Protein chains: 2
Amino acid sequence: MTMGVPMSTTNSLTADDLGSAAQRERRKRILDATYDLARDGGFDAVQMRAVADSAEVALGTLYRYFPSKIHLLVSALAREFERNEALFRKMEIPGDTAAERVIFVMKRTTRGLQGDPKLTEALTRAFMFADASVATEIHTVGMLLTSMLTRAMHPDDDHEPTDQDVAIARVIGDVWLSALVAWVTGRSTAAETGAHMETAVGLLLRD
Amino acid sequence: MTMGVPMSTTNSLTADDLGSAAQRERRKRILDATYDLARDGGFDAVQMRAVADSAEVALGTLYRYFPSKIHLLVSALAREFERNEALFRKMEIPGDTAAERVIFVMKRTTRGLQGDPKLTEALTRAFMFADASVATEIHTVGMLLTSMLTRAMHPDDDHEPTDQDVAIARVIGDVWLSALVAWVTGRSTAAETGAHMETAVGLLLRD
DNA sequence: GCCATAATAGGAACACGTTCTACGTCGTGC
DNA sequence: GCACGACGTAGAACGTGTTCCTATTATGGC
């Protein structure tokens, strides 16, 4: 698996290589359809034929844009994270300590997810099931999460986070993901999820 | 979904309700076949027809013992964890500090897993994909992991771990799971996985 | 031993992710 | 205009997880 420059023809269309307006439009329709189906019925309801029908593209076209159901769902997740991260980037994050601000960000994000449990289930499942071929999309999500957390730790834009900041952010991200998986799969309640995250942040960010 | 006493008839056979010797034997053959197929070819190679053939049971029988591929693989994982936990329970865990002993346990376990990458991929994938219907098996695995870690923190058998111990153990477990997923799905190397876990343990167990 | 019932074998059938084939359409260089 | 190649449509086909059905075989109570 080489890491060369992606070919712009004959390959699946990525977020970067957007193609024509018609292609951008198709891509959006597909992601919207995915989002709607996932919100209403979760992972199982996102059936490739249903997505294709709902987005009014042929099955083969769907597969040209997203080479698998997992790519499709992780791309939808990345789009949601981008929206979320943009929101936090624009707002002032409340809290006097790093721990408080981080907890604010996580709770806010988690609450958003828990408001759409089926959607969250679909996106989380896809994320956990993704293999190396989805590395690009996964990496996008990971960067956005780390960036959100380090910004919450240091709201002053002007310096880069330290290695320790990034390490802490990654651990928090890990805990968050595990908690999300436990919640999504019905193994813990929303309240337990929140409490566990608070505990973890408390352990990691004792000033 | 009630939580009543499981019916012993007409339901799938659990680890507790072992049934006759012939049934225990079948269950073992099935798990052994699963193990072998997973070790050689990973998640995709564990095909229900192949497991049934290899274990010399009919497909319907396989489904009577394990209601889905995920149940099957998570049960295999639980068996492996039980073996692993028993090993640690018998041995003296080296290291002067809690952090050193925890890292020893994690590295030893991780090394074992990384020695059989395909097997690990299969088991981890199944674990991450499991839903609420696999809660029992998942819980078994979680308890074993927490128990291994708290024992490493406090090698003296005779007192129960504190809440804080359990909280730390759970966070470490989360990090470990995330790292395993990243490794299994080809998103990080074995070395990165080890380093990340050491960092996390260092952050959580600074004495 | 014999019967009732549960368990198993064997395999067809179905669902959904994925691939493939055949054909139509659009847009670009000439 | 028009030929050509990339793109799109429609849908068949295939693989594997899961369900279902029927006949056969164990098993346990009498």
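Just so you know, these numbers come straight off a predicted model, no measurement behind them. What's counted below: heavy atoms across the whole structure, side chains too, no hydrogens, waters or symmetry copies. So you know, we letter chains A, B, ... as the sequences are listed, proteins then strands, and number each from 1.
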Between [atom2] of [N] and [atom1] of [X], the distance in whole Å:
X: A:Tyr63; N: C:dT21; atom1: OH; atom2: C1'; answer: 17 Å
X: B:Gln23; N: C:dA9; atom1: CD; atom2: P; answer: 11 Å
X: B:Lys69; N: D:dT18; atom1: NZ; atom2: P; answer: 8 Å
X: B:Arg125; N: D:dG17; atom1: CZ; atom2: P; answer: 14 Å
X: A:Leu59; N: C:dT21; atom1: CG; atom2: C1'; answer: 13 Å
X: B:His71; N: D:dG17; atom1: NE2; atom2: P; answer: 16 Å
X: B:Arg27; N: C:dA7; atom1: CZ; atom2: C1'; answer: 17 Å

- Message: By nearest heavy atom, map A:Leu62 and B:Ala22 onto DNA chain D; which one lands nearer the 5' end?
- Response: A:Leu62
- Message: So if I take the C1' atoms of five pairs at each end of the helix from C:dG1-D:dC30 to C:dC30-D:dG1 and get each local axis, what angle do the two axes make, rounded to 10 degrees?
- Response: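 Taking the rotation axis at each end, their angle is 10°.
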Can you identify which nucleotide, out of [options], has its nearest atom closest to the [X] side chain?
X: A:Arg64; options: D:dT19, C:dA7, D:dG8; answer: D:dG8
X: B:Thr61; options: D:dT9, D:dC7, C:dT8; answer: C:dT8
X: B:Tyr65; options: C:dT8, D:dT19, C:dT18; answer: C:dT8

- Do A:Ser68 and A:His71 have side-chain atoms, one donor and one acceptor, less than 3.5 Å apart? yes
- Message: Restricting to non-hydrogen atoms, name the atom on B:Arg101 and the atom on B:Met153 that form the minimum distance, rounded to 0.1 Å.
- Response: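 Looking at all heavy atoms of both residues, the closest pair is NH2-O, 3.1 Å.
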- Apply salt bridge (Lys or Arg N to Asp or Glu O under 4.0 Å) to the pair B:Asp44 and B:Lys118, showing each step before the final yes or no. CA-CA 10 Å; B:Asp44 289 346; B:Lys118 300 268 184 68; over 6 Å; no
- When you measure from every atom of DNA chain C, which of residues 37-49 of chain A have a heavy atom less than 4.0 Å away?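 Per residue number, the list reads A:Val46, A:Gln47, A:Met48, A:Arg49.
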- Message: Assuming nearest nucleotide by heavy-atom distance, tell me which of B:Gly60 and B:Arg26 is located more 5' along DNA chain C.
- Response: B:Arg26
Any donor and acceptor pair, going by atom type alone, linking the side chain of [X] with main-chain N or O of [Y] inside 3.5 Å?
X: A:Thr150; Y: A:Asp165; value: no
X: B:Arg29; Y: B:Ala55; value: yes
X: B:Asn84; Y: B:Phe81; value: no

- Item | CG on A:Leu203 to CD1 on B:Ile168, rounded to 0.5 Å | 5.0 Å
- Query: In Å and rounded to the nearest 0.5 Å, what is the CE to CD1 distance from B:Met128 to B:Ile138?
  - Reply: 7.5 Å
- Message: I'd like to know whether the aromatic ring centres of A:Phe129 and B:Phe43 sit less than 6.0 Å apart in this structure.
- Response: yes
